[in-house]
Amino acid sequence: MSYASPETLLDTLSVEEPEEIDLEAIAFHCGAVVRYRTLDGCAARIVGSGNRAVITVDEFASPGRKRFSIGHELGHWMRDRGKSGHLCQKSDLKARWDRSDSESLANAYAADLLMPVSMFKPRAHNQQPSFDTVRGLAKTFKTSRPATAIRLVQYSSFPVVLVAYGRDGRRKWFKPSPQLEGMIWPRTELSHETQAFELLYGGTAFNRPLQTRASEWLDHRSAYRHDVWEDSIKTDDEVLCMIWWKRQQDLDALLS
Ligand SMILES: [Zn+2]
């Protein structure tokens with residue numbers, strides 16, 4: 001079997017709804033068997049020979065993470081067949097999705113397979129990019145919250161930035177919606193005046209969307225005169241924050 005895009009695979013297997021996306025069946029169709037094992041120091045791996053491969057996934061990972069790992073390894077299998085194999089770290093699965101290195105391409109493949117644009121975009125349409133929306137979509141697509149949040153940023157109807165801060169309150173990575181690429185830089189240090197700060201350091205936080213000063217989030221020179229919406233959640237090792245504008249004109253005023 002030669003390279004097949006996620007869209008082609010889903011089409012071939014007549015998959016039309018999110019609940020029909022059976023990763024093990026898709027892998028089998030591609031000549032790969034999936035096993036769940038205790039993996040030391042990596043999240044997933046693929047070992048292939050000829051047209052056959054074995055994908056091994058960390059049995060202790062969450063269900064959403066397991067699915068993403070299978071999609072990621074299939075992405076490697078499609079592009080790098082004939083090479084000896086891949087060992088993928090947890091951090092590989094968080095690599096950006098829009099670069100051309102093999103880990104990013106494998107992540108993009110997994111995202112297109114687990115959350116196909118044709119199914120995801122209509123379900124994200126006009127939904128506020130809050131973590132309530134992320135939870136709903138993650139349930140529908142059986143994906144992890146971080147992966148679903150990144151996908152939502154790509155296809156949201158609203159201008160939005162997803163930003164992750166580590167336990168030390170320093171920015172780890174951020175992902176703007178396509179229209180904001182190269183225009184918005186979240187602060188490198190998490191502001192004390194945010195819900196995210198309270199979540200990170202154990203205080204009480206409302207944990208629902210709140211309107212805050214844009215200057216708590218952005219270094220833009222006129223940010224103190226404008227507001228943004230914030231919603232945040234805490235994960236294992238970071239706090240994830242969605243920052244968005246409900247009206248295009250609010251963003252335009254900030255950027256003008
Ligand atoms: Zn990988």
Side-chain angles (χ1 to χ4, degrees), residues 1-10 13 15 18 21-117 120 134 138 141-155 162 164 166 172-175 235-238 240:
M1 190 179 163
S2 53
Y3 178 86
S5 68
E7 295 77 15
T8 304
L9 278 182
L10 295 171
L13 296 167
V15 173
I21 304 173
D22 179 339
L23 269 292
E24 289 183 27
I26 294 169
F28 190 75
H29 175 79
C30 301
V33 175
V34 180
R35 301 186 314 182
Y36 301 91
R37 296 284 187 275
T38 307
L39 288 177
D40 200 17
C42 70
R45 68 171 182 234
I46 183 162
V47 178
S49 156
N51 278 326
R52 299 276 157 218
V54 176
I55 293 172
T56 310
V57 176
D58 177 11
E59 63 179 336
F60 296 112
S62 68
R65 179 57 75 90
K66 283 179 184 148
R67 285 170 63 80
F68 199 85
S69 287
I70 300 170
H72 178 101
E73 298 307 327
L74 278 178
H76 283 313
W77 180 233
M78 285 295 172
R79 289 181 189 281
D80 311 328
R81 205 170 318 195
K83 293 184 189 165
S84 55
H86 280 275
L87 272 183
C88 302
Q89 311 298 325
K90 266 187 186 169
S91 55
D92 291 338
L93 304 172
K94 277 190 184 165
R96 289 177 63 122
W97 299 3
D98 50 4
R99 292 188 187 159
S100 54
D101 61 283
S102 71
E103 294 312 320
S104 297
L105 289 172
N107 282 341
Y109 196 93
D112 287 344
L113 190 58
L114 271 70
M115 297 172 276
V117 181
F120 193 90
V134 170
F141 289 92
K142 299 198 279 292
T143 40
S144 71
R145 286 184 304 178
T148 313
I150 295 175
R151 196 60 159 173
L152 181 56
V153 165
Q154 288 179 305
Y155 294 106
L162 173 64
K172 287 170 77 178
W173 54 270
F174 67 100
K175 170 95 196 150
T235 65
D236 298 347
D237 53 355
E238 57 198 20
L240 291 178

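Order of appearance sets the numbers: ligands from 1, and atoms from 1 within every ligand.
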Main-chain N/O of Glu59 paired with Lys66 side-chain donor or acceptor, under 3.5 Å: yes
Check this for me, if you would: do Asp112 and Arg151 make a salt bridge, where the nitrogen-to-carboxylate-oxygen distance has to be below 4.0 angstrom? yes
Given 3.5 Å as the limit, does a donor-acceptor pair link the side chain of Trp77 with the main chain of Ile55, or not? no
Nearest 10°: the angle subtended at the Zn ion (ligand 1) by Cys88 SG and His72 NE2? 110°
The Zn ion (ligand 1) -> His76, closest N, O or S atom is NE2
Of all N, O or S atoms in Glu103, which has the smallest distance to the Zn ion (ligand 1)? OE1
Does CZ belonging to Phe28 count more than 12 external heavy atoms closer than 6.0 Å? no
